[in-house]
Amino acid sequence: MSSNSPQSNQKPDLDETINVTQAHGRVASETAATAREHRIADNGHEPISLWVIISCGLVLLIAGAVLGNAGPWFDYDALVKPKYVRGTPPGAPPEGPASKEALPAYIAKGQKIYSANCNGCHGADGRGGPTFPSLAGSGWVTGNTQKFSMVVLNGLKGPTSTGKDYGVMAAIGAGLKAEELAALMTFARNSFGNSTGDIVTIEMAQAAIDASKARETPGTSVTAEELTAKHNIMLPGAVLDPKTPVDPSKLTPVK
Ligand code: HEC
């Protein structure tokens, strides 16, 4: 006799047609089956994969760190060894800083420095005006380089090269680095109709900076008298062939 037979009288309090043990088992297995089913969601409302959330978090972390420039983790300089250069793939043309002939390279860099420091008074065309002397055709610009450099580094208290007195020029070039001064002077000597064709090298500009510091009265404007008495010479240093290939930003020769 089966246990769910209506005749079974071992479960006196229950409806005789239901086998409670079996019914419980069925409910339990159906519940488990339902739980195993994926939750049904409308299109576009499916739950997002955990990996997507993790990847988005990483992207935000890195972007935030890069934008906020946080710490050494993402700092290029801290991570990359100094002087690190990527190897050249076999068969590729040899790499190196793009080179340019010295004279045009010095002039191009010098023009930027002139625009930033001198334009306002001497004009983009270098011709000055009623209150500023012309650098076009100025004998102090195209003549002995130490004279010119002393005016740029220390300023000038009139008279000027033409004998005309415009008052005072401040020490506009006092903060220039040697390569900036070199580029600026080379530009002025080869622009506005001036064409000495030579280069005031970084070495020569450094000599100018040193000579400027060594003046008897450093920090004061030079005068025509001092220029003629003490600085009427070419700046010392090796001459650079205007066709030498140089790095256009550092102005140093490249092989
Ligand atoms: C704020 C205006 C001003 C700026 C900027 C300025 N200068 Fe002058 N510069 C003058 C004045 C004014 C004189 C004449 C001073 C005098 O009569 O003593 C002068 C004179 C000169 C002279 C002498 C010219 C000659 O033939 O006697 C040179 C060279 C010169 N400046 C170069 C430069 C250069 C290069 C720069 C940029 C680095 C520059 N100046 C920036 C006002 C300026």
Side-chain angles (χ1 to χ4, degrees), residues 102-213 215-237 240 242 249-251:
L103 189 57
Y106 271 68
I107 290 175
K109 181 167 175 152
Q111 174 149 40
K112 293 190 190 133
I113 293 157
Y114 181 86
S115 302
N117 295 283
C118 324
N119 250 11
C121 296
H122 294 286
D125 61 0
R127 297 193 178 267
T131 49
F132 303 110
S134 173
L135 305 186
S138 158
W140 286 0
V141 173
T142 57
N144 278 335
T145 47
Q146 182 154 324
K147 226 180 194 180
F148 178 20
S149 70
M150 287 300 130
V151 175
V152 178
L153 291 172
N154 300 282
L156 176 70
K157 193 171 174 325
T160 61
S161 64
T162 57
K164 187 169 171 188
D165 192 337
Y166 296 81
V168 175
M169 170 177 149
I172 304 288
L176 293 178
K177 293 189 212 127
E179 73 260 27
E180 294 171 331
L181 179 63
L184 169 71
M185 289 178 67
T186 305
F187 165 77
R189 287 165 66 83
N190 292 285
S191 307
F192 325 129
N194 301 339
S195 59
T196 59
D198 59 358
I199 288 175
V200 177
T201 63
I202 300 173
E203 182 191 7
M204 294 171 188
Q206 187 56 54
I209 291 170
D210 296 343
S212 176
K213 285 189 191 136
R215 284 175 64 216
E216 272 167 32
T217 50
T220 62
S221 314
V222 292
T223 58
E225 199 187 341
E226 181 187 338
L227 287 175
T228 312
K230 306 241 168 91
H231 306 294
N232 200 9
I233 50 169
M234 289 300 273
L235 288 163
L240 184 67
S249 69
K250 292 192 220 120
L251 301 182

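Indexing begins at 1, ligand by ligand and atom by atom, following the structure's order. We count residues from 1, following the sequence as given.
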What closest approach, in Å, do [X] and [Y] show between heavy atoms, and which atom pair accounts for it?
X	Y	result
Val200	Ala182	O-CB, 3.1 Å
Arg215	Thr220	NH1-O, 2.7 Å
Ile209	Lys177	CD1-C, 4.3 Å

Do the side chains of [Y] and [X] get nearer than 4.5 Å, heavy atoms only?
X	Y	result
Met150	Ser212	yes
Gln146	Asn144	no
Pro242	Asp198	no
Thr160	Asp165	no
His122	Pro133	yes

Self-check item: Salt-bridge contact Lys109-Glu180 (side-chain N to carboxylate O under 4.0 Å)
Solution: no
Would you kindly specify which portion of [X] sits under 4.0 Å from ligand 1, judged on non-hydrogen atoms: side chain, backbone, both or neither?
X	value
Val151	side chain
Tyr114	neither
Leu135	side chain
Ile172	side chain

What I want to know is whether [X] and ligand 1 share at least one N or O pair that is separated by under 3.5 angstrom.
X	value
Tyr166	yes
Met169	no
His122	yes

Practice problem: Would you indicate which of Cys121, Gly143, Pro133 comes nearest to atom 43 (C) of ligand 1 when only heavy atoms are counted? | Solution: Cys121
Practice problem: Please verify whether a non-hydrogen atom of Gly167 lies at under 4.0 Å from ligand 1. | Solution: yes
Nearest neighbour in protein (non-hydrogen) for [atom]:
atom	answer
atom 37 (C) of ligand 1	Cys118 SG, 1.8 Å
atom 18 (O) of ligand 1	Gly158 N, 2.5 Å
atom 24 (C) of ligand 1	Ser138 OG, 4.0 Å
atom 42 (C) of ligand 1	Phe132 CD2, 3.6 Å

What atoms of ligand 1 come closer than 4.0 angstrom to any heavy atom of [X]?
X	value
Val141	29 (C)
Val152	35 (C)
Phe148	29 (C)
Asn117	5 (C), 37 (C), 38 (C), 41 (C)
Ser161	25 (C), 26 (O), 27 (O)
Leu184	38 (C)
Asp165	17 (O)
Trp140	25 (C), 27 (O)

Quiz item: If you measure from CG on Leu184 to CD on Glu179, what distance do you get to the nearest 0.5 Å?
Solution: 12.5 Å
Exercise. State the CD1-CG distance between Ile202 and Leu181, to the nearest 0.5 angstrom.
Key: 10.5 Å
Self-check item: Geometric class of the Phe192/Phe187 ring pair [parallel <30°, tilted 30-60°, perpendicular >60°]
Solution: perpendicular
Exercise. Assess whether side chain to side chain donor-acceptor pair (under 3.5 Å) is satisfied between Ser195 and Asn190, documenting all intermediate values.
Key: CA-CA 4 Å; Ser195 59; Asn190 292 285; 5.8 Å; no
